[in-house]
Each structure stands twice: as structure tokens, then as C-alpha cells.
Number of protein chains: 2
Amino acid sequence: MTDTAQGTSRRYGTRPTMKDVAARAGVGLKTVSRVVNGEPGVTPDTERRVQEAITALGFRRNDSARILRKGRTASIGLVLEDLADPFYGPLSRAVEEVARDHGALLINGSSAEDPDREQELVLALCARRVDGLVVIPAGDDHRYLEPEIAAGIATVFVDRPAGRIDADVVLSDSFGGAQEAVAHLIAHGHRRIGFIGDQPRIHTAKERLRGYRTAMAAAGLPVDESWVTLGSTAPEHVRAAATAMLDGPEPVTALFAGNNRVTVTAVRVLRERPRPVALVGFDDFELADLVRPAITVVAQDAARLGRTAAGLLFRRLDGIDEPPRRVEIPTRLIARGSGEIRP
Amino acid sequence: MTDTAQGTSRRYGTRPTMKDVAARAGVGLKTVSRVVNGEPGVTPDTERRVQEAITALGFRRNDSARILRKGRTASIGLVLEDLADPFYGPLSRAVEEVARDHGALLINGSSAEDPDREQELVLALCARRVDGLVVIPAGDDHRYLEPEIAAGIATVFVDRPAGRIDADVVLSDSFGGAQEAVAHLIAHGHRRIGFIGDQPRIHTAKERLRGYRTAMAAAGLPVDESWVTLGSTAPEHVRAAATAMLDGPEPVTALFAGNNRVTVTAVRVLRERPRPVALVGFDDFELADLVRPAITVVAQDAARLGRTAAGLLFRRLDGIDEPPRRVEIPTRLIARGSGEIRP
DNA sequence: TAGCCCCTGGACAACGTTGTCAACTGCGGG
DNA sequence: CCCGCAGTTGACAACGTTGTCCAGGGGCTA
């Protein structure tokens, strides 16, 4: 009755299977399966015996086998740039939360903004047969995904559109947000405004630049090309760019920072300057209101991006078949002071 | 020659298997397996034929089946409190990076500081047969993991120790860090110092409180119990606690904040006060140096915690068998100004 | 009491892959 | 000319689970 360790040689690292449980409970294999899955058709007494055997042996269903048999993995993959970036943490969490509501686990990976690594990760996830993918693309050619999508792996892109394939995508309104930011600076009297953005191959960087140019043009302001820098967002690079704009022959009186990493470095640079320079940053961040001057930003709702994307994904997984959608999430200008400095 | 779509009825959502590839290439199943896995013993000509079939059919190996057969999943699980918390993002990223170096994928889940949810997640990961687990525990009883560990799932705890089982653990030196923080405030002339920490069931909260009390006692200072609050770190709660300490009968002249969320709210509260109040926070955060006064903190190295834990995990997975270890990562006091305000 | 149905339980195949082992080829040496 | 050998290749079982289908037994009705 209490013979927990009995004849069945349980080597370390070897798990009991349903067969073992069945043998111990003196029932058939399928009966154990029924109990484990809560299927009907088992008498209370049999069920109890099976439960006892499960507990005694420490049995846990092997989901790998289950997945193989059923064809669905109840897991989705998320590929983003860097989990350590404060913009992606909330996004990832939101995706996870939606996945959880649908009983799915989340496997995620960071591409480090490297297209090859993105592809490697995505294909590894496909080999695992995740049910769906949420991808923040690093590359700009996703034709490699075509066979996977055709084979039924639902895919939603977030933050940036897919390259060369037609797929669902959820974006922030980078263009509109940038336009609004720059218009805000113009409204406060600025005429020479600098823009420091991410690498030009990144969609959001291009869109924000376009917003900047459109706003400038709409106000009839010329743009000196020394006021625009796209490239690495590494601190030293941003620092050099900002310094050049501020000390150039046509010094800017305001800066528009293309993302949160740029903004942070810009704040540091401006802090060292004798005269105040106006600044608006794309992306909100914690404590933006506590820095002096408080930082005016164009806020994107990362969690909402993630929720929306995951929602779209599970719609697909639930079998809703419709042409690829493009959802745009509005941004919001939060005026806090740094953008209201007059030239 | 170009008959991509031929007799084999490929329904949407059905993937080709090695059998299909074998049939198309006119070879045996095992030969396909050999090619896919780069095993030797296949003539270049045969290999080419198989490769062509693979490309034509869009075949991708089903890792679920592979996992079932091989027993190893090449994936590890990470259970933490909240991926959106800026402390855990870098930790998660560090674990991911180590996993990647070992060819493993990372599945992660947020427990939301709920013990039941932690257990649910952990067991789901075990059912997936992850090779190992990195857990930031929310609960304080992990005996439920015993059968899993006995069955060979390596487990490492981070940030907080496991409850009621003996397992590897990687911790920050919360006690020492807190002691140092409070001593720092005392050295700057403070006698009445408040402490606002996380819920008392959380190990780090207890340790930091212990450090606080030890430092006070070492300086021969009494602690009025109205100066100590442990509990939710929700902003309104922290705000109320701080206000009470600052306006009480024995008003504190300095605050020690038990984690990053508390610190942020404390900064906001102190900002509204007419007289400066000293503040030291546990956990560093971006922009801590840009707020005025810049925030003095006890910095923990989240990435190093993650790297160390993952390193330990893979040592276990590589078969190194030794008694459970307890690794403590030192903290570092970064004086920036807010802790140097005199009473 | 025969006949029938329902309820429970089990035998068996299948999911897609990999490990084992044997068969086949062509070649060189005795 | 035959034997053995090395190098390829494929047939088959197994991994642990679930779906299908059938068998046995008990209770009910005619």
C-alpha cells in the first residue's frame, strides 16, 4: 500500500509514462489518458486508483508526445529586437498575457537587430511548430516565411511591416507622431530643428524622418541636411551627431529624438549645454516627468501594440480567414516642458 | 522538372514529412534524415536529390517528433515576476543569451508575483520537458518541484531562494546592500531614517529590512516602528507610507526605498515637498543621474544575475554533479546626490 | 429469460522522427 | 574466382501520447 519504490526500476532522469501508471493502477493505457485529460467515461473508483498511481510515481504528461499526436503546440513565438529594451518589455508582457488567456505559452527570442539572427530564430520556432508568430522584424525580406505561412503558421508583424510578403501588421503612427512633435516645436517658435534617428533601413526611422520633413515643409521651413542624422543609436554616435548640429554653422535650437535611446543620450548632452535647447523624444519613458526640464514626448502604447498583435494572431488561429490587415495605433504627444522651451 | 505542384495533394495546413521528401527524391526515409542532420554516409549525388526535394516541398523538420525521440528539448524555461519590469528585462535577456550559446531556446512566463500562477507555469514548462528551469520564485514552498528535479529537470533559483527544497540559487547581496545604503545616510548625519519595502513574504524585502535594522543598530540608533513599512509597492500605497513617515510625530529626514518601484514613487513624493529629504533606492535605473537631485542607489547587476544563473544551469545540464550552490552577487552603492542631502 | 442498450475499459494504430541493424554494391586481394 | 571489406542505403522499431473501435458486463424491458 505504501510501496512507493517498488520493482519498476526508476533510474534517475527517467520519467514514468502512462504505461507505467496503467500497470501500477491495474488499468489500460487509454484509461489513464482519460483520467489525465478529464475525459468522461471513467468510474470514480477507477479514477481514484489512477490518481493514486500518478501521485505515487510522480507522473507528468509528456507534452512533446501530446503535441506530436495532436498537431497543435499551444505555444506562440515572439521575436523582437531586445528584451532588455524598456520599450519591448511591456510589449512582450502584453503578448504573453493574451497567450495565457488562450492557454498558450510564449517562446521568445531577441534578434539583436540582426536580420540573419531573426531568420534563424523564426525558423527555429517554426521547426518547433509554434502555432503562431509575432515578429518585430529586423530584416526587410521575409519571403523565407512563405512556406511556413502556407503551412499554417499564423504570423503577425509588429512595430514595422513585413518585407516583400503580405501579412498582418500592427504599427504605431510614426509618421503622424513625428509630424505632431515637430509641429509642436515649430509652434513654439523654432525654425532650425534637428532630427536624430535610428538606422535608415528601419521602417519606423524612415517614417519618423518623413514626418519631420513633412512638418517642416508644411511650415515652409527649409531643412539643412546637417540637421538630419540617421544611424546607430549608440550613445557616442548620438552624442557626436547632437554636438555637430548644435555647434554647426546653422545651429539648431531644438532637437527631435527618434526613439527612447536617442532621447536619453540627448538629455545628457543638452544637460551640459549653457543655453537651454528644446527637445521632443519619440517614446515615453519612466521618469520623463521628473527630469528637469521634464521631457516632452510622443508616447506609443507598447502594451497596446502587443495586445493588438496577439489578438489578431489568435483570431487567425481561431480560423478567421480574411485578407491581411494593417492596424495603426495612434500616438500621443505629452507636453512636459522640454518641448516648450523657446529659441 | 518544374512540377512543383504535383500529385501529392498538399492541403493547406498540412506539412510535408520526411516520408514525402523520401518519396519525391526516390530514396529511403532514413537517408532523408541523414541529409537533414548532416550525418555522413550519403553520396553527394543522393544528397543533392534530397536537398532538391526538400526545397521543392518546403520541408522543415518537425522538432516535436525529434524531441520525443531524443528526449532533450534544447529549451529552458524562465519564470519571473513581470517581464515589463525594467529589472527583469535585462535579466531575461542575459539568460536568453547564455541559452543561445548552448543552442537552446527560451520559454518564459510571468508569475505576476502569484504563487499559484508560478506553480502552474513551472509545471507547464515541465510538461513540455524543458531541459532546465530558471525561476524567480513568487511562492515560498517549492516541494512541488521535487519529482521534477528528481526526474532530471535542472533548476536554478534567482533573486530569491527556493522554499523548502535544496536547490541552486543566485542572489544579490540584499542584506549587505541595504546595510551600506543606510550607513551611507547615517554618515551624512541622518538619525531618523524611513524604510519602505516590498511585501514581507518576499525574501529580498526581508533581507533589506534586516540590513536596515542592522545598520541602525550598529550606529546605536533607535528605530521607531512608524518608520518601517512593508507591503504593496503600488504608487498610492507607497505615497501614503512616505507621507505618514514625513509628517508623523517623529518625522524622518531620509528615506531608504526597498526597490525600483518604490524609489520612483518616492522621488515623486519628495519632489512635492518644500524641504529636501535624503533618499537612497535599492536598484539602479536609467536616468537616475538626470533627476535633480540625482538619485543615489544600491545597484544590482541584473544581467549578471541572469548570466550566472544560466551558467549554473548549463553546468548541471552538462552533467556536472555537485551539491546545490548558493552564489551571492555583490551590490554597489552609487552616490549621486540624493543620499548626500544633510538633515 | 432472451434481447438490447449503455457504460466502462482496453487493444491497436498513428503522429514524425531517430537508432539499430542488416542488405546491397563494388572493389581489391588471396 | 571467391572472400572479405568498406561504403551506402533502407526496413523496422521505438519514443509517449491520443483517436478509433470493439469487447465485456450489467441493467433494463418485453
Side-chain angles (χ1 to χ4, degrees), chain A residues 8 10-11 13-51 53-54 57-74 124 126-131 151-152, chain B residues 8 10-11 13-50 53-54 57-74 124 126-129 131 151-152:
Chain A
T8 50
R10 286 202 43 214
R11 298 187 310 288
T14 298
R15 305 206 60 142
T17 71
M18 285 194 178
K19 206 162 138 192
D20 301 323
V21 174
R24 175 160 182 131
V27 302
L29 187 52
K30 181 64 206 193
T31 301
V32 177
S33 173
R34 274 193 269 264
V35 171
V36 169
N37 294 296
E39 288 171 22
V42 181
T43 45
D45 181 59
T46 308
E47 170 159 4
R48 189 185 46 72
R49 286 212 321 283
V50 172
Q51 284 293 4
I54 288 176
L57 295 175
F59 167 80
R60 183 165 314 286
R61 182 178 64 198
N62 184 331
D63 274 354
S64 292
R66 171 171 231 253
I67 284 166
L68 175 60
R69 188 59 232 255
K70 304 204 80 148
R72 280 244 162 162
T73 58
C126 289
R128 295 285 171 117
R129 298 292 189 269
V130 292
D131 297 334
Chain B
T8 51
R10 287 202 42 213
R11 300 187 308 287
T14 298
R15 304 206 61 142
T17 70
M18 284 192 179
K19 205 164 138 192
D20 300 324
V21 175
R24 176 162 182 130
V27 301
L29 186 51
K30 181 65 206 192
T31 300
V32 176
S33 172
R34 275 193 267 262
V35 171
V36 170
N37 294 296
E39 288 170 22
V42 181
T43 47
D45 181 57
T46 310
E47 170 160 3
R48 190 185 46 72
R49 286 215 317 283
V50 172
I54 287 176
L57 295 176
F59 167 80
R60 184 166 313 285
R61 182 179 63 197
N62 184 332
D63 274 353
S64 291
R66 168 170 234 252
I67 285 165
L68 175 60
R69 188 62 232 255
K70 304 205 80 149
R72 279 243 162 164
T73 59
C126 289
R128 294 285 171 117
R129 297 291 188 272
D131 296 334

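Sequence lines set the chain letters: A, B, ... in the order given, protein chains first and strands last, and positions in each chain run from 1.
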Undergrad: Evaluate T17(A) against V21(A) for side chain to side chain contact (heavy atoms under 4.5 Å, CB included), listing each step before the verdict.
TA: CA-CA 6 Å; T17(A) 71; V21(A) 174; over 6 Å; no
Undergrad: Let me know the distance between CD of E47(B) and C1' of dT8(D), rounded to the nearest Å.
TA: 13 Å
Undergrad: Let me know which of R48(A), E47(A), R49(A) forms a side-chain contact (heavy atoms from CB on, under 4.5 Å) with Q51(A).
TA: E47(A)
Undergrad: Mind checking if N37(A) touches a base, just sugar-phosphate, or nothing, with heavy atoms under 4.0 Å?
TA: sugar-phosphate
Undergrad: OP1 or OP2 of dT17(C) less than 4.0 angstrom from a side-chain nitrogen or oxygen of S33(B), does that happen here?
TA: no
Undergrad: Starting from C1' on dG9(C), measure out to CG on D45(A) and report it in whole angstrom.
TA: 13 Å
Undergrad: Answer with base, sugar-phosphate or nothing: what part of the nucleic acid does T46(A) contact at a heavy-atom distance below 4.0 Å?
TA: sugar-phosphate
Undergrad: Can you tell me how far C1' of dG9(C) sits from CZ of R49(A), to the nearest Å?
TA: 11 Å
Undergrad: Which residue is it: M18(A), R24(A), K19(A)? I am looking for the one with a side-chain contact (heavy atoms from CB on, under 4.5 Å) to V32(A).
TA: M18(A)
Undergrad: Rounded off to whole Å, could you give me the CZ-to-P distance for the R72(A) and dG19(D) pair?
TA: 14 Å
Undergrad: For a quick check of understanding: with a heavy-atom distance under 4.0 Å over all strands, which category does V27(A) fall into, base, sugar-phosphate or nothing?
TA: sugar-phosphate
Undergrad: With heavy-atom distances below 4.5 Å as the criterion, would you say the side chains of E39(B) and K30(B) are in contact?
TA: yes
Undergrad: Using a cutoff of under 3.5 Å, can you pull out all pairs of nitrogen or oxygen atoms linking the protein to nucleotides 11-16 of chain D, with atom names and distances?
TA:
residue, atom, partner, partner atom, Å
dA14(D), N3, R69(B), NH1, 3.2

Undergrad: Considering every strand and a 4.0 Å limit on heavy-atom distances, what is the contact class for V36(A): base, sugar-phosphate, or nothing?
TA: nothing
Undergrad: Run the side chain to side chain contact (heavy atoms under 4.5 Å, CB included) test on N37(B) and S33(B) for me, step by step, so that the C-alpha distance in whole Å, both residues' side-chain angles and the decisive distance to 0.1 Å come before the verdict.
TA: CA-CA 6 Å; N37(B) 294 296; S33(B) 172; 3.5 Å; yes
Undergrad: Going by atom types alone, do R128(B) and N62(A) pair a side-chain donor with an acceptor below 3.5 Å?
TA: no
